[in-house]
Amino acid sequence: MSTSPQDLSWILNHLGEDRAGYYDAVSPPILQTSTFAAPDLATMRTRVADEYAHHFYTRGNNPTVAILRRKLAALEGTEDALVLASGAAAMAAAVLSFVRAGDHVLCAARPYSWTRVLLRDWLPRFGIAVDFIEGGEVAAFAAAWRPATRMVVLESPNSMTFETQDVPAIAALARARGALSVHDNSYASPLLQQPARMGVDLVVHSATKYLNGHSDGVAGVICGSEAHLRNIFKGPYMTFGAIPAPFEAWLLLRGLRTLEVRMERIVRSTATVVQALREDPRIERLWQPEPSAMLQAPSGMFSVALRAPDLAAVERFCNALQRFLMAVSWGGHESLIFPLACLFDPASAARELGGLPFTLVRFSIGLEAPDVLIADIRQALDCMQRADRVGA
Ligand SMILES: *Cc1c(COP(=O)(O)O)cnc(C)c1O
């Protein structure tokens with residue numbers, strides 16, 4: 001069966017699975033073991049000599065995780081993938097593996113919050129300089145380039161306002177100048193955008209989001225060439241040990257089975273919901289990336305600025321929603337909102353945070369019927385406008 005073409009259905013349902021090896025079970029076993037016993041010393045010698053390629057110890061390799069790695073690599077079109085305990089661990093491992101004191105890193109402006117903390121607060125402690133680049137044009141990255149620039153970190157689109165970068169051009173610039181490109185592809189999932197096919201060296205995901213899709217596990221992924229992943233493996237992967245438990249890997253495998261149908265549904269529902277919001281005068285602004293040569297379609301995340309006079313009105317809107325849970329994260333089966341207002345002190349007069357208004361609400365559309373979601377948003381907007389009525 002391994003000679004079949006790697007179409008999406010094959011990848012999600014069959015690639016990497018060795019059913020004959022486990023009683024023809026359709027669902028793979030959770031190999032909840034810390035270590036692997038060798039039948040003889042010669043085998044042990046072979047395994048310890050190349051932990052990347054053998055099952056020796058679960059901090060390195062585990063068969064349940066290995067199935068996942070094959071599928072994730074195929075989805076992004078790379079040679080291999082590593083799975084880590086979280087998206088943040090994946091980004092940290094990808095970055096730290098390739099920079100050292102004296103190096104310089106360029107990053108797109110306003111990346112995911114913990115990517116920003118890693119680059120802005122932690123790298124300088126180890127003598128690595130970082131610049132955040134406004135605008136997604138390759139010229140802006142070229143202008144900030146230094147002789148010591150070793151890495152470019154991209155997130156197109158980014159997490160709150162969905163600004164994009166010219167990924168193929170920036171990846172080509174990095175390659176031409178001997179630097180490595182890293183791209184956080186969590187927003188799009190590999191189904192809507194494949195940065196490695198645009199020349200990016202390392203594709204990082206928070207697998208907690210679309211890849212898992214069920215809000216029941218935290219994990220991260222790095223996709224890339226075997227040479228780069230071996231470097232990460234013998235570096236931060238093995239030394240920090242931020243690995244997924246076999247059970248988390250199994251949950252991620254289960255989530256992946258439905259990736260295609262979930263993304264199809266989410267893309268369609270989001271277009272319907274966004275259309276309704278664009279027509280609503282109570283929405284002041286809407287942030288969503290455009291489909292492009294890079295991005296096949298917008299996924300389920302977008303942000304709006306409510307036409308709300310004060311924090312209390314924003315609170316009325318958020319509290320009145322019945323079908324959206326109020327939570328951080330996104331990409332699950334359930335629709336969520338993340339109101340920026342949660343970062344504002346009601347006693348303070350501040351109206352902006354990092355250039356973003358207190359009225360900003362980020363949406364993640366899940367698998368519910370879009371008409372239900374639209375009706376819910378409309379009744380919450382009604383509540384927002386009625387100062388005398390406290391939301392449900
Ligand atoms: C959530 C997120 C991360 C971090 O992933 P965790 O799994 O929460 O560690 C990284 N990048 C983006 C864009 C995210 O949304």
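The basis for the numbers below is simple: all heavy atoms, side chains too, and nothing from hydrogens, waters or symmetry mates. Numbering of ligands and ligand atoms starts at 1, following listing order.
- Nearest non-hydrogen protein atom to atom 6 (P) of ligand 1 is Gly87 N, 3.3 Å.
- Looking only at heavy atoms of the protein, atom 4 (C) of ligand 1 is closest to Tyr112 CE2, 3.4 Å.
- Classified by interplanar angle (parallel below 30°, tilted 30° to 60°, perpendicular above 60°), the ring pair Phe317/Phe363 is perpendicular.
- Under the 6.0 Å distance and 45° angle rule, Arg362 does not count as a cation-pi partner of Tyr187.
- Of all protein heavy atoms, the one closest to atom 14 (C) of ligand 1 is Lys209 NZ, 2.9 Å.
- Close approach to Asp184 involves these atoms of ligand 1, each under 4.0 Å from a residue heavy atom: 10 (C), 11 (N), 12 (C), 13 (C).
- Residue contacts with ligand 1 include Ala219, since one of its heavy atoms falls under 4.0 Å from the ligand.
- Taking every non-hydrogen atom of Thr208 and a distance limit under 4.0 Å, the qualifying atoms of ligand 1 come out as 6 (P), 7 (O).
- Residue Glu155 places a heavy atom under 4.0 Å from ligand 1.
- Within ligand 1, the atoms closer than 4.0 Å to a non-hydrogen atom of Ala88 are 4 (C), 5 (O), 6 (P), 9 (O), numbered from 1 in the order shown.
- Protein heavy atom in closest approach to atom 5 (O) of ligand 1: Ser206 OG, 2.9 Å.
- Relative orientation of the Phe247 and Trp250 rings is parallel, given thresholds of 30° and 60° on the angle between their planes.
- Atoms of ligand 1 found under 4.0 Å from any heavy atom of Ser159 (numbered from 1 in listed order, with element): 13 (C).
- In Tyr187, neither the side chain nor the backbone holds a heavy atom less than 4.0 Å from any atom of ligand 1.
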